[in-house]
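Here the structure comes first, spelled out in C-alpha cells, and everything after it is commentary.
Keep in mind that the numbers below use all heavy atoms, side chains included, and drop hydrogens, waters and symmetry copies. Reminder, nothing fancy here: chain letters follow the sequence lines and each chain counts from 1. Note that the structure is predicted; figures quoted are calculated from it, not measured.
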Amino acid sequence: MTFAVVVFPGSNCDHDSYHAVRHVLGHDARFVWHKEASLGNADVVILPGGFSHGDYLRTGAIARFSPVMKAVADFAAAGGPVLGICNGFQILLEAGLLPGAMLRNRDVRFHCEHVGVRVEQTDTPFTARCRQGRVLNIPIAHGEGNYYAPPEVLETLERERRVIFRYATADGRVGPEANPNGSLNNIAGICNEGRNVVGLMPHPERACEPMLGSTDGLLLFESVVDALTAGALGGGR
Amino acid sequence: MKARVFVTLKPSVFDPQGSTIAEALHSLGYQNVADVRQGKYFELDLDVASEQDAEQLASEVASRVLANPVIESFRVELVDAGVRS
Amino acid sequence: MSTRAFAPEVLEQHGLTPEEYDRIVELLGREPNLTELGMFSVMWSEHCSYKSSRVHLKTLPTKGARVLQGPGENAGAVDIGDGLAAVFKIESHNHPSFIEPYQGAATGVGGIIRDIFTMGARPIALLDSLRFGPLTDARTRRIVKGVVAGIGGYGNSIGIPTVGGEVMFDESYRGNPLVNVFCLGIAKQNEIIRGQASGPGNPVYYVGAKTGRDGIHGATMASAEFDDRLEEKRPAVQVGDPFMEKLLLEACLELMKTDACVGMQDMGAAGLTCATSETGSRGGVGIEVDVRLVPQRETGMTPYEIMLSESQERMLIIVKRGREAEVEQIFEKWDLHAVKIGEVTADGLLRVRDGGTVVAEIPNLALTDEAPVYRRPIQEPEGMAALRQIPRNGLKPLPSAEEAFLALLEAPTIASKRWIYRQYDHMVRTNTIVLTGLGAAVVRVKGTNRALAMSVDGNGRYVYLDPRQGARLAVAEAARNVACAGGLPIGATNCLNFGNPERPEIMWQFAEAIAGMGEACRALDTPITGGNVSLYNETDGTAILPTPVVGIVGLLEDASKALARVFPAEGLDIVLFGANLGELGGSEYLLTLHGLLRGQPPVLDLERERALQQLLVRLAADGLIRSAQDCAEGGLAVALAECCFDTGGLGAAVDLAPAASDGGVDLVAATLFGESASRVIVSVEPAATAAVLEAAARAGVPAARIGTTGGDRIRIAVEGTTVVDVDVRQAERAWSSAIGRQLDTPVA
C-alpha cells in the first residue's frame, strides 16, 4: 500500500505523516512535491499539516492553486481516500473539496495540547476501525481551527452524517468546555459527500506511538489500510 | 494603475480578532467604540490600460484569491483614476 | 593622532571611541571612508567583538572527549554516538524584544535556528529562557503576550517544536526583559559545515530574503543602554519571515547533501559585513563582493546600508567552482534565487565593490581578530556582606506553612507556565517524549535508540547575591534537570545577560560569574561549546539582575527510559536525595512572603552534585526510579506539589526531618521552602526502595524514604506534625491558573 504525502512549501508535518505510515505502520510512503502533476501510484493521499506559503493570505489559500491539487481532486473524484490534517484540512476547504472555512481560534491564540476527539461516524475509510462514540486522545496544534459554515451547509453536514469528529471531554460529552477553538457544533473533522475525503484539525500522526503519549491516531491509518485491503474503495490509478 | 481591495468578514461571521480588540478598547475606557470588525487591506499595482480593465482584474483577483467567499466579502477601489490631489 | 577625518559626533553615533578610531587608521594605514567606518563600528561593537568579555570567556572549559566543535563557529557540536552530532547554541534577543516584543522574539528564534542549520544540522528542538518584570505591570503583560506570540509565531510556522524552557519574573527586568533562545539540531558528524571560506576563485552566493534598510545598526543598538529616546530606535527592528526561513532551511539542508558547499554563514548581527569578514578570516582568505549584485528590497540603498543591513532570513554560501548550476537548481526548486555576489580571493581582504568602484577594502582580520579587547576595571560593589545577611528584625509575621505554600504555588516564577507553552507547538516532528511542562525537555533521535534531554537555567537572584556561587548553581541546576530526565550531561552553552560592562561593579559580577561557571562546568564535565554575551541590559542606569543562563544537553542511551517529574502511580515510595540544609537566602519564599532579596545563596558541593547526577542517570537507565524532580524555587514542598500536578489529582504524604538550620527565619519554613542545592525527589516501586537507597549510599548521596504516593491530598509533616494538608486539585487549580488569570485581564 502506498501513501502519497503531499509537500507544499511551508508544510511541516510532512515528515511526521511519512514517519507514521512508513516506520510505525510499515507501509510505503512517498513525498509528492506540490509542483508535480501526478500522484503516481498512490493508494492514499495525505495533505499534511504546516503553514503552506506561510498562511500569510489565509490558511491554505495559496496551496489550492498548486499543480498537484488537480491530481488530488481527480483522485478524490475517483473515490480515492484523501486525508487532510490541520493545514491539509484547511487546504481542502479552500479547494472546495470540503465545505466551510476556518476562522481564528475563539481566544485568538495558538493551542497545542492533547484533546478529546469523539468519533461520530465509522463509515469512512479513515474511521472504520473505530467504535462510534469512542473518544480519541489526539493533539491539536493550530491558531485557526475555528470551523465555520453557513447555517444551511451546517445543517446539510449534520443531516448527511458528515461530521466525523467532534471535540469532546474524555467521557464523551460535547460542549463548550471541550471546545478548544470555538468551532461550530464542536466540529473537529468532516467528510465529503462521497465520504472518501476526510479533513480534521487534530493530528493523528502525532499519536501513533506509546512513547508520544497516545496511539489513538494509529486507528485512522489502520482503518484506511483495512478499507483498501477489503477493496471497498476506488482510487486514482 | 493602483487598486485597493478591502476584505472583511461577512456580518454574520464571528470575528475573534475584532471582538478581542473591542474588549481591549473597552477596558481602556473607550466605551463609545461599540464594536470592531477586523479586515484586510491590499494595494494592487496593476499593469492595465483602462479603468475598466483595472476594475475587472482587481475584482477577479479579489474574488478568486484574496477573499474566501464562504466567510468574507470584498470591495475594490481604484486609485489614480482621475483623482489627483 | 591630532586630526581625524570624522567629527567626534560621527564616531559617537558609530559607537567608536577616538582610541578605537585611531586603531582603525593604524590597521588600514589610512583614514577609513564612511562605509568602512560603518563596517568597523558593527564588527567592533560589543555584540560582535566580545571586547569586554573575551578575556574572561577564554577561561571557560571548552574541550572534552565529546566536543566536536567549540566556541567560535555558528554553534557548538557534541558527539552523541552513531556518527551523529548534537549541534546547539543559545542566543539573546533582549533589546529588540523590549522595543517590539512580537518581532523581537520572533527574529530571535529565526536567528538561532539559522545558526544551527548553517552547520548542516536539522533543527529539532527550541527552548526559551525568559525574564520579565512583575505581571502586575500592564506594560510587562503586553511584553509577555507579544514575546510569547512571537516565539510561537515563528517556531510554530517553521515547524520546529518549542519543547521547554523557563520563565522568571523580577522587578529588575521590568524595563529590560530577557529573551534567550536555545536551539538544537542533529547532523551527521562528517557532514558538519563550517562558516569558512576557502579556495580562491570559488563563488560567493547570496540567498534568501532581499536586503532592506531594516536593522541597520542593530548590532550597535544591542550594545547601548536604553533611554527615553527609545522611540527613535524603533526603525532598527527587523521583521521575521518564518516561511522564507522554512524554504531556506529545507533548501540548505538539501544543498548540504551534495558536497558542492564549501562554507555557509547566516547574515545575522552586522549582516553582510559580518558574514563575509568572518567566513574570510576563519578560512584565512579574502572575499570580494559587489553590492550592486545584492538583491535589494528598497531603491537607492548605499553600499554602507547594504553592508550593514540586518534584514532577516539571508544566507551567505561559498560554493565549489564549477558546481554553480547544481546549487542554483536546488534553490530554484524552493522558489529561492541564489545570486552570485562575489568570490573568494587569496589576499585576505574584504573588498566591497559598487559595480566598477571599490567602496571598501579592509583586511578581514582587522574586522574580526584585531577587534579591541578590554580588560575592564573590576570592583566588588559595597554592601555585599550586609546583603548576604537575612535581617531577623522587621520581618512580617509569618503566615501558616499552608498559606505560605499556597502563596508560593501562585507566584508567577513557580506557577505553571501552561498558558505560555500551550501557544507553542511542542510536538511537531513527533520526537517529544517528555511533554512540555512535565519535566526537562526530552526529544528522541529518530533512527537511533537515543534521546537528548535539555534544560536552560539561571537564577539571577542567586547571582546577584553571590555571582560566583550563583553561576555555579545555574550550571548545577541545568545539569541536574537533565539528569532527572535520565540524561547524562555532555555539553553546555551559555547566554550571559549583564548590565553595563563599563561599570566596575557590573564587570565584577561578570568576572565572578564566569569564574564560577568555569568551576562548575569543569567539575560536571560539561564544556561550554558556544553561546552569546548580552551586555548593557540597563534602563536609565538600573541594571538587571546579573543573569547567566546555562543550557545543558544530556544524552540518554535508551529513549524509552526517559523520566518525567510526575508521580506515575499510587503506592510508590517517595525518596529524597540530598541534604535539607534549610537555606533560605535568595529564596522565592523570602521574596514572595517577605519581599526580601537577601541572604547567602545555597552552598554547592560540586563533587556531591556530580555523584547525584550520575546516580540519577544510572537509576533511570536501570529502571529503578519512576520519576524525578529537582528541588528548586520554593524548595521541597513546591517540588513535591509539582510531582503531584498533571497526574489527575494523585496525592502524596511525606514526613520530613527538620532542616539542619532555621534558615535565619523559621524552622518549618526552612524545612519546606529552603532551596538547598543537589536535592531530587524520586518515586520508587516499594520493592526497589532498598536497592535505590543502597545505590545512593554507595554513591555518597544522602537519601531517605520520606513518604508514599496516593490519595488525593498533599500532606506534609515535619517530625510527625502535619503542617500542610491540601486537596491536590485545589492546589493545582491555584498553580495552573495563576499566570493566565493575570494575563487574561484585558490589557492597557
Ignoring hydrogens, what is the shortest heavy-atom contact between A:Leu212 and C:Ile433? Give both atom names and the distance. CD2-CG2, 4.3 Å
Heavy-atom closest pair, residues A:Met211 and C:Ala559: CE-CB, 3.9 Å
Under 3.5 Å, side chain of C:Asn156 to main-chain N/O of A:His142, donor-acceptor pair present? no
Please check if the side chain of C:Asp425 supplies one atom and the backbone of A:Ala141 the other of a donor-acceptor pair under 3.5 Å. no
Tell me if the [atom1] atom of [X] is crowded by more than 12 foreign heavy atoms within 6.0 Å.
X        : atom1 : result
A:Asp226 : CG    : yes
C:Arg729 : CZ    : no
C:Gln329 : CD    : no
C:Lys446 : NZ    : yes

Region of [X] that comes under 4.5 Å of a non-hydrogen atom in chain A:
X        : value
C:Leu249 : neither
C:Ala149 : neither
C:Thr432 : backbone

Heavy-atom check, side chain of A:Cys13 versus side chain of C:Val428, under 4.5 Å: yes
Within the structure provided, determine whether C:Gln423 and A:Cys112 are in side-chain contact (heavy-atom separation under 4.5 Å). no
Which one wins on heavy-atom pair count under 4.5 Å against chain A: C:Arg444, C:Lys246, C:Glu250? C:Arg444
Let's test your reading of the structure: which of C:Pro242, C:Gly153, C:Gly152 forms the most heavy-atom pairs below 4.5 Å with chain A? C:Pro242
Heavy-atom distance under 4.5 Å to chain C: side chain of [X], backbone, both or neither?
X       : answer
A:Asn87 : neither
A:His15 : side chain
A:His53 : both

[X] side, atom [atom1]; [Y] side, atom [atom2] - distance, nearest 0.5 Å:
X        : Y        : atom1 : atom2 : answer
C:Asp744 : A:Asp107 : CG    : CG    : 8.0 Å
C:Lys333 : A:Trp33  : NZ    : CH2   : 5.5 Å
C:Thr430 : A:Glu205 : OG1   : CD    : 7.5 Å
A:Asp16  : C:Met427 : CG    : CE    : 12.0 Å

Hey, what's the ring geometry for C:Phe243 with A:Tyr56, parallel, tilted or perpendicular (30° and 60° as the breaks)? perpendicular
Sort out for me which of A:Glu209, A:His111, A:His23, A:Arg109 touches chain C most, counting heavy-atom pairs under 4.5 Å. A:Arg109
Thinking salt bridges, do C:Asp335 and A:Lys35 make one under a 4.0 Å N-O criterion? yes
